[in-house]
K.L.:
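Here it is, the structure, as structure tokens.
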Amino acid sequence: MRIDFYTQVHKKQRKMLFALTAKIGDANFEDSTIVTDIHNDLTLVTKELRQHAFHEETFVHPLLARKIPRSEKTLHEEHEMLKKYLDDLEINYNHLQTTLPHYKKLQEQGLEFYRMLNRFISTYFIHINEEEYTIQNLWEIAMDAELTGMMIAFQTYDGVEKGQKWLDTHLPTMSIDEQQLMFKTTQLLAPENIFVTMSQLAEQILGDEKWQLILKKLS
């Protein structure tokens, strides 16, 4: 199975964004309970999108920068633009939320926020579509061991047990050359603490003798 950093998480994000815009489109902004409910949903969505961007920048973009540098530059610039858009959405909604309930133009402000959110969504969907085609290009020019290494690095970041499960699954099926390439990639591109944790897990799984063979390529 090919390593895919994007598709499943993007499906989740599309579902979240569609649900949020549908709720806002139907909302009565004179109802303070609904306004608060939307604020909570918006906070969850923006947190998810920011975390996902950080994960991509930490575990995918370094590999892209080595393999498809122009694509990495474009995606990074789009990330920065989208982060500012998220800031603007939160600032705009916070202003709307603090407006007095009897303000006569409250519903109109809610409609403008709805339009603003949908402009963001349309931009974001174009961005993640580009990412999903970028991974297809990466499959053509990156070795499976390189992709697997950065995915396991992310899984280890997400939880040591997850990293161990991925290593348990993949390490025994890889040749020594593939194992060395995987750990060389993570040594160069992943956060140092993640590489150290992966190394400790790999030594436990493979045993000292096999791990020493891998280390020879990393020094």
Side-chain angles (χ1 to χ4, degrees), residues 1-16 43-69 71-72 75-76 79 83 127-128 131-219:
M1 182 181 69
R2 282 175 162 171
I3 299 297
D4 188 341
F5 296 96
Y6 295 123
T7 301
Q8 291 305 314
V9 67
H10 286 172
K11 285 183 178 181
K12 173 186 173 184
Q13 291 175 354
R14 289 181 179 101
K15 184 176 181 180
M16 292 176 67
T43 300
L44 288 174
V45 168
T46 56
K47 180 181 179 181
E48 158 68 25
L49 298 186
R50 285 194 175 97
Q51 285 181 337
H52 177 61
F54 171 76
H55 295 158
E56 290 177 342
E57 290 162 7
T58 306
F59 298 101
V60 186
H61 286 200
L63 188 56
L64 281 176
R66 290 170 68 93
K67 302 294 181 179
I68 322 175
S71 292
E72 188 277 334
L75 293 178
H76 177 76
H79 273 205
K83 288 175 194 175
H127 169 73
I128 61 178
E131 289 182 329
E132 289 168 13
Y133 279 96
T134 297
I135 195 67
Q136 295 180 34
N137 294 331
L138 195 56
W139 288 337
E140 297 297 322
I141 61 174
M143 298 290 288
D144 287 345
E146 295 172 300
L147 292 161
T148 301
M150 295 310 288
M151 175 59 84
I152 295 177
F154 166 67
Q155 295 295 333
T156 304
Y157 164 84
D158 204 33
V160 174
E161 290 182 358
K162 290 183 180 181
Q164 184 171 14
K165 183 177 179 180
W166 271 73
L167 285 167
D168 279 334
T169 300
H170 288 84
L171 271 180
T173 67
M174 301 173 78
S175 69
I176 182 65
D177 288 340
E178 290 171 331
Q179 291 169 347
Q180 290 172 335
L181 176 59
M182 184 179 79
F183 279 97
K184 189 63 177 179
T185 300
T186 54
Q187 182 185 45
L188 291 171
L189 304 182
E192 182 179 1
N193 63 315
I194 301 300
F195 170 72
V196 170
T197 301
M198 283 179 62
S199 300
Q200 293 169 344
L201 293 172
E203 186 174 10
Q204 294 172 19
I205 294 167
L206 295 173
D208 183 65
E209 184 177 348
K210 290 183 178 179
W211 178 243
Q212 290 303 318
L213 290 175
I214 293 174
L215 282 180
K216 289 180 180 180
K217 285 284 188 178
L218 304 184
S219 58

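By convention here, the first residue in the shown sequence is residue 1. Because the structure is a prediction, the values reported are computed rather than measured.
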K.L.:
Measure the spacing between CG of D158 and CZ of F154 and express it to the nearest 0.5 Å.
P.N.:
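With rounding to 0.5 Å, CG (D158) is 4.5 Å from CZ (F154).
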K.L.:
Taking atom CG as the centre, does D4 end up with more than 12 heavy-atom neighbours from other residues, nucleotides or ligands that are less than 6.0 angstrom away?
P.N.:
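Enclosed.
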K.L.:
CD/E178 to CE/M143 distance, rounded to the nearest 0.5 angstrom?
P.N.:
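So the CD of E178 and the CE of M143 are separated by 6.5 Å.
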K.L.:
Please find the pair of heavy atoms, one from Q13 and one from I128, that lie closest to each other, and give the distance.
P.N.:
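Scanning both residues completely, I find the closest heavy atoms to be OE1-CG2, 4.4 Å.
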K.L.:
Does any non-hydrogen side-chain atom of L64 lie less than 4.5 Å from one of H61?
P.N.:
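They are in contact (side-chain heavy atoms under 4.5 Å apart), so the answer is yes.
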K.L.:
When you compare the side chains of E72 and H76, does any donor N or O come within less than 3.5 Å of an acceptor on the partner?
P.N.:
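There is no such pair (donor and acceptor under 3.5 Å, judged by atom type) between the side chains of E72 and H76.
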K.L.:
Can R66 and E146 be counted as an ion pair, charged N to O under 4.0 angstrom?
P.N.:
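No, this pair does not count.
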K.L.:
Determine, using ring centers only, whether F5 and F59 are less than 6.0 Å apart.
P.N.:
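Distance test on ring centres: not under 6.0 Å, no.
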K.L.:
Does K12 have any side chain to side chain donor-acceptor pair (under 3.5 Å) partners at least two apart in sequence or in another chain, and if so, which?
P.N.:
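Once residues adjacent in sequence are excluded, K12 has no partner under the side chain to side chain donor-acceptor pair (under 3.5 Å) criterion.
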K.L.:
Please enumerate all residues that pass side chain to side chain donor-acceptor pair (under 3.5 Å) together with T43, with sequence neighbours excluded.
P.N.:
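By the side chain to side chain donor-acceptor pair (under 3.5 Å) rule, T43 matches no residue at all.
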K.L.:
Among residues at least two apart in sequence or on other chains, which ones pass salt bridge (Lys or Arg N to Asp or Glu O under 4.0 Å) with K83?
P.N.:
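Checked K83 against salt bridge (Lys or Arg N to Asp or Glu O under 4.0 Å); matches are E57, E80.
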K.L.:
Please identify each residue that fulfils side chain to side chain donor-acceptor pair (under 3.5 Å) with N193, with sequence neighbours left out.
P.N.:
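For N193 there are no side chain to side chain donor-acceptor pair (under 3.5 Å) partners, ignoring immediate neighbours.
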K.L.:
Is there a donor-acceptor pair closer than 3.5 Å between any side-chain N or O of W139 and the backbone N or O of I3?
P.N.:
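Here the side-chain-to-backbone pair exists.
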K.L.:
Please list all pairs meeting ring pair (Phe, Tyr, Trp, His ring centres under 6.0 Å) that have one or both residues in residues 182-203, counting only residues at least two apart or in different chains.
P.N.:
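Output for this query lists F183-W211.
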K.L.:
Sorted by first residue and then second, give each side chain to side chain donor-acceptor pair (under 3.5 Å) pair with at least one member in residues 195-209; sequence neighbours left out.
P.N.:
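Every pair satisfying side chain to side chain donor-acceptor pair (under 3.5 Å) with a residue in residues 195-209: D208-Q212.
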K.L.:
Look at atom NZ of K210 and say whether more than 12 heavy atoms of other residues, nucleotides or ligands are closer to it than 6.0 Å.
P.N.:
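Counting other residues, nucleotides and ligands, NZ of K210 stays at 12 neighbours or fewer.
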K.L.:
Ignoring hydrogens, what is the shortest heavy-atom contact between L213 and Q180? Give both atom names and the distance.
P.N.:
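Reported closest heavy-atom pair: O-NE2, 2.9 Å.
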K.L.:
Under the side-chain hydrogen bond (donor to acceptor under 3.5 Å, both in side chains) criterion, do H52 and E48 qualify, and how do the steps go?
P.N.:
CA-CA 6 Å; H52 177 61; E48 158 68 25; 5.2 Å; no
